[in-house]
Amino acid sequence: MTKQIVVAVAGNPNTGKTTFVNALAGTRLRVGNWPGVTVEKKEALLRLNGKEIFLVDLPGTYSLSPYSEEEIIARDFLVKERPDVVLNVVDATHLERNLYLTLQILETGCPVVLVLNMYDEARRRGLEINLARLSALLGIPVVPTVAVKGEGLQEALQQALELAASPNPRKKVHYGEEIEGAIKEIEDWLGKNVPQIAVKYPLRWLALKLLEGDPRVLQETGLKIPEDLPLIRHLQKVHGDLSDLLIEARYGLAAGLVRQCIKEHRVEPPLSEKLDRLLLNRYLGPPLFALAMWLVFKVAFDFSAPFVDWFDGLIGATGGTLSYLLKHLSVPDWLYSLIIDGLVSGVGAVAVFLPLIFILMLVLTFLEGSGYLARVAFLVDRLFSFVGLHGKCALPLLLGFGCNVPCVYATRVLESRRDRILTVALAPFMSCGARLPVYVLFAAAFFGPRAGTVIWSLYLLGVVVALVLALVLQRTLLREEPGLFVMELPPYRMPGWRYLLVHAWEKTRHFAVKAGTYIVVISMLVWALLHLPPGQDLRHSYLGRLGAFIAPVFRPLGFAHWEAGAALVTGVLAKEMVVSTLGQIYGTEKREPSAEISFPWESWKEVIKGLPLAFVEAGKNLWASFSPVSLEAESPAPKLLEKIRQKFDPFSAYAFMVFTLLYAPCMVVLASAYAEFRSLKLLAIMVGAGLFSAYLLGILIYQIGHLF
Amino acid sequence: MKLFEVKPGMKCRVKALGPGMAALRRRLLDLGVLSGEPLLVIRKAPLGDPMEIEVKGTRITLRRDEAQKIEVEVEYD
């Protein structure tokens with residue numbers, strides 16, 4: 001058996017590194033997280049010339065300093081895991097900045113292949129790069145590639161394999177006599193005094209980090225540069241901070257390399273700057289941003305709607321088939337109900353989200369890859385920095401108004417974990433589409449012509465609560481340093497379709513498997529509440545008893561009856577369940593007759609015919625639906641309205657709507673958030689803040705309302 | 001002069017990075033905002049903050065309080 005060759009892919013963000021990895025790995029790409037952090041980890045097992053290659057995509061970084069999760073992951077991998085070879089993907093059009101990282105990778109002593117990506121763009125811009133000279137000066141192979149077109153990829157991999165097979169001693173990059181002398185001095189000192197620590201690290205790298213005073217390495221090794229090394233003392237006396245000196249040395253070297261290897265340096269890509277003059281224009285930028293967001297919203301929710309319906313039909317047909325089989329096997333009623341009403345509907349609850357998440361991830365990855373997302377952050381950051389948020393959270397929060405679930409996944413665009421957690425914690429207060437039927441029902445029952453105003457007030461209230469919560473959380477539970485805003489505005493680019501599809505598919509799969517498991521389990525639990533003990537009506541089911549048990553808590557809010565309690569319990573499953581539970585309780589909605597004996601041929605026919613139709617429908621929605629489809633809801637049954645008027649008054653109805661808006665995110669959001677962050681603290685914040693604000697505002701509304 | 005005070009379209013040169021968070025300082029240095037480096041101020045966001053600058057041929061954005069930590073000298077051609 002041959003040894004597996006570990007190939008790490010490193011590079012700056014926005015260099016086409018992700019496209020490069022995706023093109024190499026194709027469908028064999030697996031996306032997960034680096035242990036203990038929420039940074040994405042992509043890896044793939046490949047074969048070339050009978051050799052097994054383990055490809056690991058390191059996070060995109062500008063440097064290998066110890067100040068961000070990404071940088072720490074990348075450098076720890078290079079220094080501790082010691083990959084057999086590193087493919088360093090660089091943007092050929094911004095070579096100087098990219099070589100700064102290359103030099104740092106070379107410091108780790110790993111064999112490196114320089115992948116000059118976007119080579120075509122560099123040529124178009126009139127850059128003439130002397131590849132042979134660059135390769136000779138750096139002492140490493142240089143391969144020009146165009147990752148989006150798949151050019152040069154195999155050659156890059158081939159070079160990597162050759163280098164891994166015979167890692168001949170490289171000519172090391174020289175930082176000048178002064179610095180090299182100091183490095184040599186520390187290396188000798190390390191070898192003489194602490195060889196047991198020194199062997200754990202690449203020697204030159206360790207020496208450089210000690211010279212820089214890298215806090216993480218100092219802490220990890222417990223080492224300190226002794227006072228009595230003459231060359232270093234001299235350097236410190238002349239230059240002060242040696243970390244600055246090294247950064248300048250690297251940049252000096254990078255600039256020198258560019259001078260020697262590149263001819264005709266023209267600066268800005270004209271098209272990108274022209275687009276920015278329009279899209280970032282003081283007056284045109286904001287309306288164009290609003291238009292773009294509206295389009296995103298449309299695509300994400302209207303385009304996915306027919307597919308959601310199709311999945312609904314598929315689950316319905318599957319359920320029908322299963323019930324047909326179960327009836328014929330004459331299984332006991334409770335088991336029948338558990339499978340059909342518990343398991344199948346739980347799986348159904350997961351399935352209907354799949355098209356939404358897939359399409360949303362497509363759109364989001366497109367925005368990110370095209371470079372517009374960074375512009376969005378630039379445009380709106382001022383609005384968000386006000387409450388301590390990063391401009392990039394605009395998009396996830398905006399999507400929350402459609403559905404809070406994709407919002408959780410959309411926080412991927414944010415860099416720091418703190419910003420991501422904060423955004424997810426605020427997401428549930430963006431009033432999603434599923435809450436609308438509840439508002440429509442209660443507003444129609446009590447507020448007649450003012451219903452519209454009442455509903456808008458709820459949307460606004462959610463936003464206000466979120467803003468307050470953002471301020472509170474930063475002063476209490478999330479007191480970590482906010483992430484840096486400093487970011488690059490990369491030139492606009494067209495992301496590769498293949499990359500978009502693979503990425504969106506991976507995220508959807510992740511949701512289905514990870515979050516899906518929790519969702520099915522919770523669905524079964526709620527089934528048990530609804531259907532046990534056997535043979536009871538709703539009032540005497542566990543759900544009814546639970547509703548009656550918690551009802552007194554709602555006395556100050558004006559709805560202390562078991563019906564409201566029970567409806568709120570099922571609302572955790574999905575907020576629109578509040579309406580259907582009330583419907584069931586008040587007997588206006590019959591439970592599905594469970595006696596479908598014949599095989600559901602018709603449903604299957606619908607499913608098979610439905611898939612192509614869904615595409616047509618989705619296309620139509622995209623082009624023709626210029627009315628706010630997402631806000632339409634069926635008008636409630638008159639009998640239900642009447643019952644509700646008996647049980648509520650206008651103030652308790654408003655308090656109930658506010659409570660439904662705020663009290664807790666639905667279980668799909670909770671499951672996704674937990675699957676993404678593995679943080680019970682986050683779940684506690686989401687549920688705690690929700691219940692607290694819901695209860696407080698509910699009381700205020702009802703009590704103040706009754707003062708007058 | 002602080003970087004944030006430089007008008008869009010003007011060139012300047014970094015004099016010093018002020019004291020501040022180690023992470024910010026390091027990130028700026030890693031992006032090429034070194035002392036002596038020429039910078040070009042491109043524009044400010046519609047709400048006046050953050051700002052966009054060009055350094056070493058790439059565009060980066062900074063918030064006001066980040067840009068206030070960079071001492072610069074305006075260059076007139």
Side-chain angles (χ1 to χ4, degrees), chain A residues 12 14 61-68 71 91 93-98 100-101 104 215 243-244 247-248 250-252 254-255 258 265-268 272-273 276-277 280-286 289 374-375 377-383 385 390-391 481 483-491, chain B residues 2-4 7-11 13-72 75 77:
Chain A
N12 281 7
N14 312 312
T61 62
Y62 297 108
S63 171
L64 296 178
S65 63
Y67 292 107
S68 77
E71 289 175 330
D91 174 354
T93 62
H94 293 110
L95 207 50
E96 185 177 344
R97 227 259 323 278
N98 280 264
Y100 173 74
L101 177 68
Q104 291 187 65
S243 128
D244 284 19
I247 292 170
E248 278 162 23
R250 290 185 195 114
Y251 261 119
V258 168
H265 204 260
R266 241 197 295 151
V267 224
E268 186 53 25
S272 204
E273 175 51 26
D276 269 345
R277 271 180 209 154
L280 298 184
N281 180 286
R282 173 165 298 207
Y283 305 104
L284 290 174
F289 158 71
R375 268 83 181 174
F378 179 72
L379 283 172
V380 301
D381 182 68
R382 188 71 195 87
L383 296 174
S385 64
H390 190 287
E481 287 262 301
L484 297 175
F485 180 73
V486 188
M487 63 173 182
E488 190 183 357
L489 289 185
Chain B
K2 307 284 188 223
L3 175 59
F4 197 79
K7 293 260 174 308
M10 294 187 90
K11 281 185 191 152
R13 213 170 261 277
V14 180
K15 269 168 75 186
L17 296 186
M21 298 180 293
L24 173 63
R25 193 185 148 75
R26 181 65 196 239
R27 170 64 73 92
L28 288 171
L29 290 170
D30 284 340
L31 286 167
V33 184
L34 310 167
S35 120
E37 188 70 28
L39 306 177
L40 173 63
V41 176
I42 307 291
R43 61 169 65 82
K44 293 201 173 147
L47 296 167
D49 178 22
M51 77 190 306
E52 178 184 352
I53 62 165
E54 185 173 303
V55 54
K56 290 188 186 290
T58 62
R59 299 289 178 88
I60 64 171
T61 70
L62 306 142
R63 275 188 184 158
R64 172 200 281 270
D65 43 355
E66 290 164 339
Q68 285 293 13
K69 297 212 169 92
I70 304 171
E71 187 70 34
V72 296
E75 297 209 319
D77 317 295

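We name chains A, B, ... by the order of the sequence lines, and we start the count at 1 in each one.
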[X] [atom1] to [Y] [atom2] distance, which is reported to the nearest 0.5 Å:
X      : Y      : atom1 : atom2 : result
A:E248 : B:L29  : CD    : CG    : 8.0 Å
A:R382 : B:K44  : CZ    : NZ    : 12.5 Å
A:R97  : B:T58  : CZ    : OG1   : 4.5 Å
A:I247 : B:R25  : CD1   : CZ    : 7.5 Å
B:L24  : A:F485 : CG    : CZ    : 12.5 Å
A:Y62  : B:D30  : OH    : CG    : 10.5 Å

Given that the side chain runs from C-beta out, which part of [X] has a heavy atom under 4.5 Å from chain B: side chain, backbone, both or neither?
X      : result
A:E488 : both
A:N12  : neither
A:Y100 : side chain
A:R250 : side chain

Report summary line: If you tally heavy-atom pairs under 4.5 Å between each of B:L34, B:I42, B:L28 and chain A, the highest tally belongs to B:L34

Requested in this report: Not counting sequence neighbours, which residues clear side chain to side chain donor-acceptor pair (under 3.5 Å) with B:E37? List them please.
Outcome: B:K56

Query raised in the report: What pairs with B:R64 under side chain to side chain donor-acceptor pair (under 3.5 Å), at least two apart in sequence or on another chain?
Result: none

Query raised in the report: Pick from A:T61, A:D91, A:N14, A:D276: which one has the most heavy-atom pairs with chain B under 4.5 Å?
Result: A:D276

Report summary line: Residue from A:Y67, A:Y283, A:F378 scoring the most non-hydrogen pairs under 4.5 Å with chain B is A:F378

Query raised in the report: Is there a donor-acceptor pair under 3.5 Å between the side chain of A:Y251 and the backbone N or O of B:G32?
Result: yes

Please classify the contact of [X] with chain A as side chain, backbone, both or neither, using a heavy-atom distance under 4.5 Å.
X     : answer
B:L62 : both
B:L17 : neither
B:R43 : both

Which pair of non-hydrogen atoms, one from [X] and one from [Y], has the smallest distance, and what is that distance?
X      : Y      : result
B:P46  : A:N281 : CG-O, 4.2 Å
A:S63  : B:R26  : OG-NH2, 3.6 Å
A:V486 : B:L31  : CG1-CD1, 3.4 Å

